[in-house]
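We count ligands from 1, going down the list as the structure has it; atoms in each ligand are counted the same way.
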Amino acid sequence: MTLSFDLTADGARDALRARAAPEKPTLIGLTRAELGAAMVEAGIVPERQAKMRAQQLWHWMYVRGVSDFAGMFNISKDLRAELDKHFTVARPEIVEEQISADGTRKWLFRFPPRGAGRPVEIETVYIPEEGRGTLCISSQVGCTLTCSFCHTGTQKLVRNLTVEEILAQLLTARDRLGDFPDRDTPDGAIVPAEGRKVSNIVMMGMGEPLYNFEAVKKALLIASDGDGLSLSKRRITLSTSGVVPEIFRTGEEIGVMLAISLHATNDDLRDLLVPINKKYPLKELIAACRAYPGLSNAKRITFEYVMLKDVNDSIDDAKGLIKLLKGIPAKINLIPFNPWPGTNYQCSDWETIEKFADYINNAGYASPIRTPRGRDILAACGQLKSESERMRKVDRLALEAMMIAGHGEA
Ligand code: SAH
Ligand code: SF4
């Protein structure tokens, strides 16, 4: 059974639609210093109070999950009214929420165009498991890269998400799951029996996070701030297709766990599957992994490997994988290929996947096979794609060049 709520229907949409006032700047995604400065600049808080007020807001926004100044009770009524006049802390619009038979949830968010021509849509997925709940967050609308097995890569409208938009996915998921203090979890929702409903984050939704480095960094530093959202960096994983120049910085400046979308063990095949390999071939990618800050047996890199029938699933490929990763503290994550409308690839047979996994296990690696979740609502890895307008190839390439040049400030 799949449940789907079309929130574009009047009543439902009004109920969930944030009271967003797009003309008012958001306070979500600012550092404490920026928060203080914004209030001083607006003339509503004297300089000497800036730090204290910023701390109060931080607590309401990130510990209590309040999305309206009216709920910030230890701030005077007058200041709340002033804040509301100048700023917003509202959630974005949720267009649709789907709930899979296995409890996986997928939200379709709509964000303002911000230069992309028309409003854009992105997807976020929540995967409940026994002892944890993982939120799969998007970093871009679409993706400029074109991995041949990935649905997102066929979407042509691309723009970077802002810090607010990245964080809003986490805040809204926690709202909808009752994962803030004093909130109720919806009846019948499948969530971990104990602890936080969203206990882990993976940057594995739409987009290449390292092409939006600055925004992703800022959002993840806020998500892991101990006085706020307070997620451990050990429970945040950033997945990249292999943007080599940004890998070291990811460890140094963000300090989260790293996952690499490997998928092939020789350059010829990887060029076809993950075309960024032409720019940053395996040798450079593996060298960057070896140099990842903090790498140890307790802090391994995850190598993702999608199982494509008759393409990369032979025992020779498994041997190549072991050879390639020799000496790197690694976990290997085998992902059964998730098909999508129009793809030419097929998922490897189960027997083949098990043989591949056995070979890798025998070589001493943990190699969990990632169980596909939420397939009935197209929520599995690589299936995310919103129906946005197509962008011409030349525009995509130009945008990609800008993103690389500006570390994703485009
Ligand atoms: N752009 C980043 C993160 C998003 S993709 C990256 O490529 O790493 C998250 C993972 O899903 C990647 O390993 C990606 O290669 C994989 N993936 C993409 N399409 C898939 C599909 N159809 N089936 C299974 N895995 C897929
Ligand atoms: Fe982009 Fe990752 Fe999909 Fe490749 S696999 S097209 S990098 S989202």
Which of the ligand 1 atoms, numbered from 1, are nearer than 4.0 Å to a heavy atom of Cys150: 18 (C), 19 (N)

For Gly205, the ligand 1 atoms with a heavy-atom partner under 4.0 Å come out as 4 (C)

Using a 4.5 Å cut-off on heavy atoms from C-beta on, say whether the side chain of Lys309 contacts that of Thr352. no

Going through the distances and angles, do Glu82 and Lys85 end up as a salt bridge (Lys or Arg N to Asp or Glu O under 4.0 Å)? CA-CA 5 Å; Glu82 283 298 319; Lys85 224 189 274 169; 3.2 Å; yes

Protein N, O or S atoms less than 2.8 Å from atom 1 (Fe) of ligand 2, ignoring waters? Cys143 SG

Lys/Arg N to Asp/Glu carboxylate O, Asp267 vs Lys278, below 4.0 Å: no

Output yes when Lys106 and Glu97 qualify as a salt bridge under the 4.0 Å nitrogen-oxygen rule, no when they do not. no

Numbered atoms of ligand 1 (with element) below 4.0 Å of Thr240, judged on heavy atoms: 6 (C), 8 (O)

Nitrogen or oxygen atoms of Pro336 and ligand 1 under 3.5 Å apart: no

Distance-only polar pair, side chains of Asp313 and Ser348, donor-acceptor under 3.5 Å: yes

Looking only at non-hydrogen atoms, which of His263, His151, Met204 approaches atom 9 (C) of ligand 1 most closely? Met204

Modelled atom types, side-chain donor and acceptor of Thr250 and Tyr292, under 3.5 Å: no

Have a look at ligand 1 and work out which part of Thr343, if any, has a heavy atom under 4.0 Å from it: side chain, backbone, both or neither. neither

Quiz item: cation-pi between Arg64 and Phe180, 6.0 Å / 45°: no

Are side-chain N/O atoms of Asn160 and Gln140 paired as donor and acceptor at under 3.5 Å? yes

Using a distance-only test with no angle check, is there a side-chain donor-acceptor pair under 3.5 angstrom linking Trp60 and Gln56? no

Kindly identify the option in Cys136, Cys347, Ser261 whose heavy atom sits closest to atom 7 (O) of ligand 1. Ser261

Against heavy atoms of Trp340, which atoms of ligand 1 measure under 4.0 Å? 22 (N)

Arg249 bridged to Glu246 by N-O distance under 4.0 Å: yes

Does Gly207 have a heavy atom less than 4.0 Å from any atom of ligand 1? yes

Ligand-residue contact atoms, ligand 1 with Glu208, heavy atoms, under 4.0 Å: 1 (N), 2 (C)

Does Tyr345 have a non-hydrogen atom less than 4.0 Å from ligand 1? no

Residue-level breakdown please: for Asn338 versus ligand 1, do any non-hydrogen atoms fall below 4.0 Å on the side chain, on the backbone, on both, or on neither? both

Examine the proximity of ligand 1 to Phe149 and report which part, side chain or backbone, both or neither, has a heavy atom under 4.0 Å away. both

With heavy atoms of Ile335 as the reference, note each atom of ligand 1 found under 4.0 Å away. 24 (C), 25 (N)

With backbone taken as N, CA, C and O and side chain as the heavy atoms from C-beta onward, which portion of Glu304 lies under 4.0 Å from ligand 1: side chain, backbone, both, or neither? side chain

For Asp317 and Ser314, test the side chains for any donor-to-acceptor distance below 3.5 angstrom and give the result as yes or no. yes

Looking at Phe149, is its backbone amide N or carbonyl O close enough to the side chain of Trp340 to form a donor-acceptor pair, meaning the two atoms are under 3.5 Å apart? yes

Tell me whether the rings of Phe111 and Phe109 are parallel (<30°), tilted (30 to 60°) or perpendicular (>60°). parallel

In the complex you have, is atom 3 (Fe) of ligand 2 within reach of the protein, judged by whether a heavy-atom distance drops under 4.0 Å? yes

Assess whether a salt bridge exists between Glu96 and Arg110, defined as any Lys/Arg side-chain N lying under 4.0 Å from an Asp/Glu carboxylate O. no

